[in-house]
Amino acid sequence: MNAVPVVTRFAPSPTGELHLGNVRTALFNLLLARRLGGRYVLRIEDTDLARTTEAHVAGLLGDLRWLGLAWDEGPEAAGAHGPYRQSQRGDVYAPLLRRLEEQDLAYPCFCTSAELELSRRAQLAAGRPPRYAGTCAQLDATARAARVAAGARAALRFRIPAGRTLQFDDLVHGPQQVDAALIGDFVIRREDGTPAFFFANAVDDSLMQVTHVLRGEDHLANTPRQLLVLEALGLRAPRYGHLPLLTGTDGTPLSKRNGAQSVRELREAGFGAPAICNLLFRLGHSCADNRSLAIEAMAARFDPAHLQRASAHFDPVQLRHWQGLWVRSLSPEAAQDWLAPFLPTDVPPAQRAAAVAALLPNIVAAGEVSEWLPVVFGGELRFEPEARAAVERAGAGFFRAVAAAVTDPAELPALRAASERKGAEFFAPLRAALTGRMHGPELAPLLKAMPPALVRARLAAWAG
RNA sequence: GCUCCCUUCGUCUAGAGGCCCAGGACACGGCCCUCUCAAGGCUGGAACACGAGUUCGAAUCUCGUAGGGAGCGCCA
């Protein structure tokens, strides 16, 4: 029935580090493409020359790849509709802009930002929407020529047609209707010649054959502008779906203040890409399956009908949950790779493996291993008061008896039996002496990971 | 100010007129398991923003109120 192949896209602006809100948008577009058997395009919207940096572009691509959200078409994966960076698409935009101007569907605007700001303030003060006043809308050719001759530079403004009502069917919000009279003429080419968002974004989607766009709800009210631009150019518009915004735990937009971290920060803290994606998959989208899912499994369960309309709180506690599921699913080898950056480098492989095996069940974020490093590899133990008390209660005799044989964890049960102590009475002081704490990983694997000399020294310290 | 969007347990959500005195997950409490913690199993408390209407019947439809958010940029 629908012969047009599905194409979705993610079109970030490389003006900062990748944040969770953007990641979710990318994820959903990728999932939608996979679900519908289509392609997923990445386009870099770097028209804001001042704020775009190459470091941000590189970071963006790296973060997306690390997350497992690779694109079918885009930078470093060229397809038929490139280039995929708006800064390189000037030749694509120029004729379209010229056409709009020639047909008087757009006009040069000589207003300065100071004038515009003044006008905006005046309208706001008068209790009216701050729209472009139309100062340059009726300038004739002579007047324009005079301004240009006088050295004035112009932006290009799109002329809103009179008496239009725009209708579109939003993928998540359903039918929408907007009176075009409510929209002011807007800039489609800046004074410096770069294309503005409403224009470039809409045009590129169409030119790149994008059929479905999932994007932030902040774009909902502006969608009619893009529809108008595409209509004027005779280009086909994609279907838009506006995702509810992601907020922090306090309900305000995600920011450093409410615990939002960039992808880079999360990665460096040892969070896994699957944990991040699984959480995001359920923020604004419902899924009956509570297991940690791979991208393909998410795609199979992704359904635009299950998209939420209300904004969602990002909760670090829930991130920990998905992280825990992921960590527990790790193979021994994968766990070692994951923890490697957080472990000392000068440790024999066998001991490393033993340490990871012992600590893994008690670790959620990778950074948490650091507090166990002194325990396992040697170093000053910080005794909890309770642990000290437990050790002292057990007495020197206990440690003398136990010191001889503990190097072989397999003998722990026999030793315990010989000590004629109940489980807790035997293990608690042992654990306390070895780790300085009352809680932690199981003792047998812990002992396997600790150098025998370290074990002996820690027990001997209490043997009198 | 104007326009638009939104509103189910603390949080993420199920729910598209009777299946719901509202189900699941996270978090929290209890119990079990267990050398402790974690994990796991069982279990408990916890929500339809408010008010009118429509209907035999409303979390679900309509209107209004309140609250939250977004847009109105030569940012994207």
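Source: prediction; values computed, not measured. Throughout, a chain's letter reflects where its sequence line sits, starting with A, and its residues are numbered from 1.
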Ignoring hydrogens and angles, tell me if any N or O in the side chain of [X] forms a donor-acceptor pair with the backbone of [Y] under 3.5 Å.
| X | Y | value |
| --- | --- | --- |
| R85(A) | E45(A) | no |
| N278(A) | L293(A) | yes |
| R24(A) | L283(A) | yes |

For this session: List the protein contact pattern of nucleotides 70-76 of chain B with one symbol per nucleotide (5' to 3'): B for base contact, S for sugar-phosphate-only contact, - for none; contact means a heavy-atom distance under 4.0 Å.
Result: SSBSBSB

Pair partner, [N] [Watson-Crick or wobble, under 3.5 Å]:
| N | answer |
| --- | --- |
| U7(B) | A66(B) |
| C31(B) | G41(B) |
| C61(B) | G53(B) |
| C19(B) | none |
| C48(B) | none |
| G1(B) | C72(B) |

Could you tell me how far [M] sits from [N] if I compare only their [atom1] atoms? Round to whole Å.
| N | M | atom1 | answer |
| --- | --- | --- | --- |
| G40(B) | A76(B) | C1' | 47 Å |
| C61(B) | C42(B) | C1' | 41 Å |
| A16(B) | U3(B) | C1' | 28 Å |
| C21(B) | A25(B) | C1' | 23 Å |
| A27(B) | C12(B) | P | 15 Å |
| C74(B) | C28(B) | P | 49 Å |
| A46(B) | G41(B) | P | 24 Å |
| U60(B) | G18(B) | P | 12 Å |

Exercise. Q308(A) has a side chain; which of A14(B), U11(B), C26(B) sits nearest to it?
Worked result: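 Within the option list, the nearest is A14(B).
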
Exercise. Quick one: are F10(A) and L27(A) in side-chain contact, heavy atoms under 4.5 Å?
Worked result: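 The answer is no; the side chains never approach within 4.5 Å.
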
Exercise. Would you call L434(A) and L446(A) a side-chain contact if the rule is heavy atoms closer than 4.5 Å?
Worked result: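 A side-chain contact under 4.5 Å is absent here.
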
Exercise. For H173(A) and C6(B), is the shortest distance between a side-chain N/O and OP1 or OP2 below 4.0 Å?
Worked result: yes

Exercise. Does Q318(A) make a side-chain N or O approach to OP1 or OP2 of A27(B) shorter than 4.0 Å?
Worked result: no

Have a look at [X] and say if it touches a base, only the backbone sugar-phosphate, or nothing, with a 4.0 Å heavy-atom cut-off.
| X | value |
| --- | --- |
| R309(A) | sugar-phosphate |
| E117(A) | nothing |
| P244(A) | nothing |

Problem set entry | Upstream residue (5' side of RNA chain B) when L325(A) and D315(A) are each assigned their closest nucleotide | D315(A)

Problem set entry | Which residue lies more 5' along RNA chain B, comparing R128(A) with V317(A) via nearest heavy atoms | R128(A)

Just the rounded figure in Å: distance from [atom2] of [N] to [atom1] of [X].
| X | N | atom1 | atom2 | result |
| --- | --- | --- | --- | --- |
| D250(A) | G10(B) | CG | P | 17 Å |
| R282(A) | U13(B) | CZ | P | 11 Å |
| I363(A) | A39(B) | CD1 | C1' | 14 Å |
| R328(A) | A38(B) | CZ | C1' | 8 Å |
| H313(A) | G68(B) | NE2 | P | 13 Å |
| L246(A) | C12(B) | CG | P | 10 Å |
| N362(A) | G40(B) | CG | P | 13 Å |
| E442(A) | G40(B) | CD | C1' | 13 Å |

Exercise. Would F302(A) and F28(A) count as a ring-ring contact (aromatic ring centres under 6.0 Å, His included) if you check the C-alpha gap in whole Å, the side-chain angles of each, and the deciding distance to 0.1 Å?
Worked result: CA-CA 8 Å; F302(A) 185 76; F28(A) 284 12; 5.3 Å; yes

Problem set entry | Distance-only side-chain donor-acceptor flag, D46(A) / S87(A), under 3.5 Å | yes

For this session: Could you point out which residue of T8(A), L64(A), L30(A), N29(A) forms a side chain to side chain contact (heavy atoms under 4.5 Å, CB included) with W71(A)?
Result: L64(A)

For this session: Describe, in one word, how the ring planes of F426(A) and F398(A) are oriented to each other, choosing from parallel (under 30°), tilted (30 to 60°) and perpendicular (over 60°).
Result: perpendicular

